[in-house]
Amino acid sequence: MKRVTRMLPALLALAAATACAAESVPAPQPGPRAASVAQSTTGPTAGPAAGAVAAPAKKAKLEIADITPMGEKTEKVGVGFPIIVTFDRDVKDKAAVEGLLDVEPEKPVEGAWRWVSPRKVIYRTKTYWKPYQKVLFTARLSELPGNEKTKDVSRRFAVGSKHISVVNTRNHTMKVYRNGKLAKKIAISAGKGGFVRNGVDVYLTTSGTHLTMGKKAVETMTSSWMGVTDPKDPRYYKEEIPWAVRISDSGEYVHQSAGYYQFLGRSNQSHGCVRATPAGAKWFYTIAQRGDVVKITGTKRKLQWNNGWSYWQLNWTQWKKGSALKP
């Protein structure tokens, strides 16, 4: 197997929340636990007999706690998807561990790892994955010194269609391209702006390259993110929103507009999300794969690279600086 190895830096703080925030902010659906977390057990504390030599303490094992996305039999992913690996404890020798992480796509593309915390590392490609292929990830952690008893872990991913959506907040349209061809044009309404917190207008939709992170047929969205919980407050809201596809950690979705259809295709009136027509939102929800690309343009609020899966906000040179391996 050809090894593809690289890694990454520390995670920055998340961007300010947007008003479209869900009642509960779910993490992207994680894959099933990739390996059990090693647990040490101790018996009675009887001391050794006189003259006996105590056995050396076993070194703590390093294992994988979670891998995202899920395997080929569970989901198909978009061409922008990242491989997110979470370990069961902090990694001391990041370079050594990174060197044991292999990524082998059927259709080769350059990629690199980036560490975002002491126990989480993310793999991103230089250009998008080619659609309709399998990608095999393998962690050869048994080759780590002192970690020989750990089982190696592998997972095969399935890449589906190439979905690239382009949202223009100035002409209020969303164009969805499937495998390079325009599949649908949807009238939308984006963030209206006008609510500044900590110097950030959180009512503006963020401009940049987002990835779809998950979806819910009905998502509950409330005003609690801005401290408004009293139903008598004119700013209060709690709504059940259909066809919600999450595109950031700060609460941005592409979803069906809760009424206000007269603004779709004409003006920006949302609290930061991309509101779409009922038919358009349902269609987009139906085709959405985690890791699909959603490019948003036209606002003054820039998407931060660590807001959700917005890793394509870093150029390739910047991304590779997060690797623990020397070039």
Side-chain angles (χ1 to χ4, degrees), residues 1-14 27-28 30-43 45 53-71 81-105 110-126 135-157 249 304-327:
M1 180 185 295
K2 181 181 178 181
R3 298 182 188 172
V4 186
T5 51
R6 296 274 195 291
M7 287 242 172
L8 33 162
L11 184 63
L12 301 175
L14 283 175
R33 193 170 177 78
S36 59
V37 176
Q39 295 182 344
S40 61
T41 57
T42 56
T45 56
V53 178
K58 292 183 179 180
K59 291 184 178 180
K61 294 194 296 182
L62 178 70
E63 295 186 332
I64 290 178
D66 186 78
I67 303 171
T68 297
M70 295 179 277
F81 86 89
I83 300 174
I84 304 172
V85 178
T86 305
F87 297 95
D88 66 337
R89 64 198 66 197
D90 291 355
V91 176
K92 296 181 179 180
D93 190 342
K94 292 183 176 64
V97 171
E98 185 177 337
L100 299 174
L101 304 179
D102 296 335
V103 178
E104 187 175 16
E110 185 179 354
W113 293 96
R114 181 182 183 91
W115 291 91
V116 296
S117 80
R119 61 178 64 186
K120 181 176 291 187
V121 67
I122 299 172
Y123 187 89
R124 202 208 88 185
T125 47
K126 182 178 181 179
V135 179
L136 178 63
F137 163 74
T138 304
R140 298 176 289 104
L141 297 183
S142 66
E143 298 178 27
L144 190 69
N147 212 44
E148 291 80 5
K149 293 185 178 180
T150 297
K151 293 182 179 180
D152 293 342
V153 175
S154 64
R155 180 172 294 179
R156 194 181 303 274
F157 310 107
D249 269 348
Q304 298 301 308
W305 75 269
N306 56 347
N307 183 355
W309 292 357
S310 306
Y311 309 124
W312 293 91
Q313 285 296 93
L314 295 182
N315 63 40
W316 186 236
T317 299
Q318 292 171 327
W319 180 261
K320 291 191 297 181
K321 290 179 180 180
S323 170
L325 297 176
K326 294 181 179 180

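Just so it is clear, the model here is predicted, and its values are computed rather than measured.
When every heavy atom of Ser117 is checked against every heavy atom of Lys94, the shortest pair comes out as O-CE, 4.1 Å. Taking each heavy atom of Trp316 and Arg124 in turn, the nearest pair found is CE3-NH2, 3.3 Å. The minimum heavy-atom distance between Pro69 and Pro82, with the atom names listed, is CD-O, 3.5 Å. Closest heavy-atom contact between Leu325 and Ala95: CD2-O, 3.4 Å.
Without hydrogens or angle criteria, Glu148 side chain to Gly146 main chain gives a donor-acceptor distance under 3.5 Å. With hydrogens and angles disregarded, a donor-acceptor distance shorter than 3.5 Å links the side chain of Asn307 to the backbone of Asp249. Using modelled atom types, one side-chain atom of Arg140 and one backbone atom of Gly99 make a donor-acceptor pair closer than 3.5 Å.
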If you apply the rule side chain to side chain contact (heavy atoms under 4.5 Å, CB included), what do you find for Val116 with Asn306, and how did you get there? CA-CA 9 Å; Val116 296; Asn306 56 347; over 6 Å; no
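Distance CZ/Phe87 to CG/Asp66: 11.5 Å, rounded to 0.5 Å. Taking OH of Tyr123 as the reference point, atom CZ of Phe81 lies at 9.5 Å (rounded to 0.5 Å). Within the model, atoms OH of Tyr311 and CD1 of Ile84 stand 4.5 Å from one another, a figure rounded to the nearest 0.5 Å. To the nearest 0.5 Å, atoms CZ (Arg155) and CD1 (Ile67) are separated by 4.5 Å. How far CZ of Phe157 is from CE of Met70: 11.0 Å, rounded to the nearest 0.5 Å. Annotation: the span from Ile122 atom CD1 to Ile83 atom CD1 amounts to 11.0 Å, rounded to 0.5 Å.
For Thr150, the side chain to side chain donor-acceptor pair (under 3.5 Å) criterion is met by Asn147, not counting sequence neighbours. Residues satisfying the side chain to side chain donor-acceptor pair (under 3.5 Å) criterion with Ser142, sequence neighbours excluded, are Asp152. Remark: Asp90 engages Arg119 in a salt bridge (Lys or Arg N to Asp or Glu O under 4.0 Å) (not counting sequence neighbours).
Thr138 has its side chain out of reach of Val153: every pair of non-hydrogen atoms, C-beta onward, lies at least 4.5 Å apart. Side chains of Ile64 and Leu141 form a contact here, defined as non-hydrogen atoms less than 4.5 Å apart.
The aromatic rings of Trp305 and Trp319 lie perpendicular to each other, with more than 60° between the two planes, well past the 30° mark.
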